[in-house]
Amino acid sequence: MQAATKSVVSEELRARFARAKNVVVLTGAGVSAESGVPTFRGAGKTAVWKGMPFDVISSGAKLDRDLPAVWEWFNYRRGVLRTLKPNPAHEAIARWQDRFERFTLVTQNVDGLHHAAGSRNVIELHGSVWRARCLTCNSRSDLRASEVVAGVPSCLDCGGVMRPDVVLFGEMLPRGVFEQAAMWAESCDLCFVVGTSAVVYPAAAIPEIARAAGAYVIEVNPERTPLSNICDETLMGKAGEILPLIECTVVIENSKD
Ligand code: OAD
């Protein structure tokens with residue numbers, strides 16, 4: 001156990017983690033994999049639902065053509081997510097928010113598991129399956145308490161048709177959300193990229209921005225990604241095993257002082 005700790009977490013990373021003041025973490029589907037949430041890509045596979053690749057059923061074009069089918073997919077996803085719990089990676093990230101002077105969590109995930117683990121002020125680049133948005137008046141509603149498990153919900157304010165409050169393929173991110181994440185990336189000293197294939201932009205630009213601004217960038221992923229080459233370190237493995245290890249290593253080191 002001790003040997004594994006030494007080989008995974010470098011002296012450099014330990015030292016930087018111990019003295020970091022401004023930390024940004026970007027997460028993707030892989031951070032939720034150990035909770036049982038399937039990833040979209042990885043291990044050479046692409047997610048498919050009812051014969052449709054996820055980028056077809058989760059697309060703006062599909063929403064325009066067949067909103068009930070898109071809701072069927074999101075209602076199914078909410079049904080699965082209701083049964084799942086945060087894993088040690090979400091929990092470690094939630095602890096980190098109180099450890100540094102400034103901590104920013106940016107996620108591409110729409111599953112709400114960072115909130116469930118106790119993370120506050122999460123920048124959700126791609127929205128949340130737990131919210132619906134009215135196509136007429138733009139009002140949002142929280143679906144957590146909702147008993148609705150099927151069909152297309154109606155807006156409580158105007159009676160209009162609602163859509164999932166999620167960024168679909170072919171759609172733009174909500175205004176200001178990426179800019180806010182980029183601003184913190186520009187000023188951070190340590191940036192973690194956890195469980196993302198780093199092929200979807202602009203999210204994948206966050207670590208690039210951090211690196212260009214001089215931050216130390218660490219990737220945590222069982223596979224290499226297109227970002228691996230710009231990262232200072234790639235820790236190959238599962239987020240739920242590696243993130244608690246980083247924190248634990250630093251605590252042990254500090255306790256010797
Ligand atoms: P992907 O499914 O593309 O990539 C998941 C990544 O997680 C892969 O690189 C895996 O190797 C890695 N992974 C798997 N298990 C892991 C574990 N236990 N610990 C750490 N990493 C692990 O997911 P994203 O990069 O998040 O967008 O995908 C980006 C966006 O594509 C999603 O937000 C979604 C999708 O289209 C929208 O829905 C708008």
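For this chain, numbers begin at 1 and follow the sequence in order. Just so you know, ligand 1 is whichever comes first in the structure, and atom 1 is the first atom listed for that ligand. Please read all numbers here as calculations on a predicted model, not as lab measurements.
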* Taking non-hydrogen atoms only, is V200 closer than 4.0 angstrom to ligand 1 via side chain, backbone, both or neither? -> side chain
* **For atom 38 (O) of ligand 1, the option (of V199, V167, L235) bearing the nearest heavy atom** => V167
* To do: Walk me through it: do V25 and V194 pass the test side-chain contact (heavy atoms from CB on, under 4.5 Å)?
  => CA-CA 7 Å; V25 176; V194 184; 4.2 Å; yes
* To do: Could you walk me through whether S197 and T225 pass the side chain to side chain donor-acceptor pair (under 3.5 Å) test, one step at a time?
  => CA-CA 6 Å; S197 57; T225 75; over 6 Å; no
* To do: Could you check E247 against R99 for side-chain contact (heavy atoms from CB on, under 4.5 Å), going step by step and ending with a plain yes or no?
  => CA-CA 10 Å; E247 178 187 51; R99 182 181 185 113; 4.1 Å; yes
* Structure fact -> In ligand 1, the atoms that come under 4.0 Å of a heavy atom of G28 are 26 (O)
* Structure fact -> If we number the atoms of ligand 1 from 1 as shown, the ones under 4.0 Å from a heavy atom of E223 are 11 (O)
* Asked: Hey, mind stepping through E233 and Y216 against side-chain contact (heavy atoms from CB on, under 4.5 Å) and telling me if it holds?
  -> CA-CA 8 Å; E233 296 188 30; Y216 196 76; 2.5 Å; yes
Please tabulate, one pair per line, all N/O donor-acceptor pairs under 3.5 Å involving side-chain atoms of residues 134-142, not counting sequence neighbours.
from	atom 1	to	atom 2	distance (Å)
S139	OG	D157	OD2	2.8
R140	NE	D165	OD2	2.7
D142	OD1	R144	N	2.9

* Given ring pair (Phe, Tyr, Trp, His ring centres under 6.0 Å), test Y76 with W49 step by step and report yes or no. => CA-CA 10 Å; Y76 164 77; W49 186 70; 5.7 Å; yes
* To do: Quick one: list whatever passes ring-ring contact (aromatic ring centres under 6.0 Å, His included) with W96, sequence neighbours left out.
  => F17, F192
* Asked: Between H126 and ligand 1, which part of the residue brings a heavy atom under 4.0 Å of the ligand: side chain, backbone, both or neither?
  -> side chain
* Where ligand 1 meets F169 - atom numbers and elements under 4.0 angstrom, heavy-atom basis -> 36 (O)
* Asked: Short list, please: which atoms of ligand 1 are under 4.0 Å from a heavy atom of E34?
  -> 17 (C), 18 (N), 19 (N)
* Point-to-point distance, once rounded to the nearest 0.5 Å, from CG of L63 to CD of E171 -> 6.5 Å
* Structure fact -> Quick look: A239 vs ligand 1, heavy-atom contacts under 4.0 Å, and the answer is both
* Is V31 in polar range of ligand 1, meaning some N or O pair under 3.5 Å apart? -> no
* Asked: Of the backbone atoms (N, CA, C, O) and the side-chain heavy atoms from C-beta on, which set of K238 has a member under 4.0 Å from an atom of ligand 1: side chain, backbone, both, or neither?
  -> both
* Value rounded to 0.5 Å, distance of CG in L227 from CD in E208 -> 5.5 Å
* Numbered atoms and elements of ligand 1 in range of F54, under 4.0 angstrom, heavy atoms -> 35 (C), 36 (O)
* To do: Taking the side chain as every heavy atom from C-beta outward, state whether V24 and F103 have any atom pair closer than 4.5 Å.
  => no
* Mind checking whether P222 has a heavy atom under 4.0 Å from ligand 1? -> yes
* Who gets closest to atom 10 (C) of ligand 1 by heavy atom: T225, N221, T39? -> N221
* Structure fact -> In ligand 1, the atoms that come under 4.0 Å of a heavy atom of A33 are 15 (N)
* Structure fact -> A student comparing G170, G237, G195 should find that the heavy atom closest to atom 5 (C) of ligand 1 comes from G195
